[in-house]
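Here the structure is laid out as structure tokens; the discussion comes afterwards.
When a ligand or atom number is given, it counts from 1 through the structure's own listing order.
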Amino acid sequence: MTSVSILGPGDEPFVLDLGAPAAPVRVPTTRRYLMCPPEHFTVEYAINPWMDPTQPISTELAMAQWTALKDAYERLGHKVEVIEPQPGLPDMVFAANSGTVIDGRVLGSRFRAEQRAAEADHFRRWFQTNGYHGVVMPERTNEAEGDFAWTGTLLLAGTGFRTDPAAHAEAQEVLGVPVVSLQLVDPRYYHLDVALVVLDDQSPNPLVAYYPDAFSAGSQQVLRRLFPDAVIATGTDAACLGLNAVSDGRHVLLPVEATDLAAQLTARGFEPVFVDISELRKSGGGPKCCTMELRG
Ligand code: ARG
């Protein structure tokens, strides 16, 4: 509640109640995404704490949830490109892990887990046949947008579980953007994109939401300095992979269980768009994991 006191003619101030400060008007920008249908999706190995190869998986349900996500992007006016899924690569649906594209420059990926290694080359070929020249494949382990988040001015870069910290310097050189390293400390939040989401990447003061406990004490300080206005997510938001969200500057696609986060976003002028990703979450994934942004 905001109020102002105006001194009246007597001693009694006249208090004018202005109500809650108005949320800024959020303007979406049209995006281009690359996605991979979960045609071969299963959980047959465990490389993060969400994955249990003994639990039943419905590839059909995963496909329906993925299709609803893709439809939601298209309804919002975004362009979705689709890469051909490959048999034997059950995690290929998580396209965000296979490239970082900023201003048309592409840094490919190099997976930590042997089981996912071959995905990187399929995406490299997709880039090369779709007009991206000079794709650079990294020397260091780099799980792309899983650990890299572009704020419009800075590349936030996670490490601790997957991406090698030396890959941060490599990304800075290849992409020509300033990189800020952040240390992840909770194995459930093994990628940066399950701990932090960029909500506004068009303003000189970018806005993010994050779950502080996923980060080391020093990295929490860095985040507070860089983003004093950030949306602070709760443990409940994080535990449904609610931060694995995708924002176009106004609409934020996020898991249907992330209701606290959605309420905070609404109060800040964003429009939450709920999606059900229960089946993909069994692999530790959510909307953002399925979505690589093609910038420029
Ligand atoms: N099962 C996949 C893995 O552990 C999930 C990847 C999710 N992707 C993401 N961008 N967080 O590698």
field: Inter- and intrachain pairs under side-chain hydrogen bond (donor to acceptor under 3.5 Å, both in side chains), touching residues 101-115, at least two apart
entry: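 Pairs touching residues 101-115 that pass the test: none.
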- prompt: With sequence neighbours excluded, what pairs up with His78 under the ring pair (Phe, Tyr, Trp, His ring centres under 6.0 Å) test?
  reply: Tyr33
field: Donor + acceptor pair across side chains of Gln86, His40 (<3.5 Å)
entry: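 The answer is no; no qualifying pair exists.
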- request: Establish, from distance only, whether the side-chain atoms of Thr29 and Asp248 form a donor-acceptor pair under 3.5 Å.
  value: no
- prompt: Can you list every pair that meets salt bridge (Lys or Arg N to Asp or Glu O under 4.0 Å) and has a residue in residues 210-236, with sequence neighbours left out?
  reply: none
- prompt: With hydrogens left out, which residues have an atom under 4.0 Å from ligand 1, given that only heavy atoms count?
  reply: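 Residues near ligand 1: Ile47, Asn48, Met51, Asp91, Phe94, Asn97, Arg116, Gly146, Arg162, Tyr190, His191, Asp193, Ser283, Gly284, Cys289.
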query: Under 6.0 Å between ring centres, would you say that holds for Phe127 and Tyr132?
result: yes
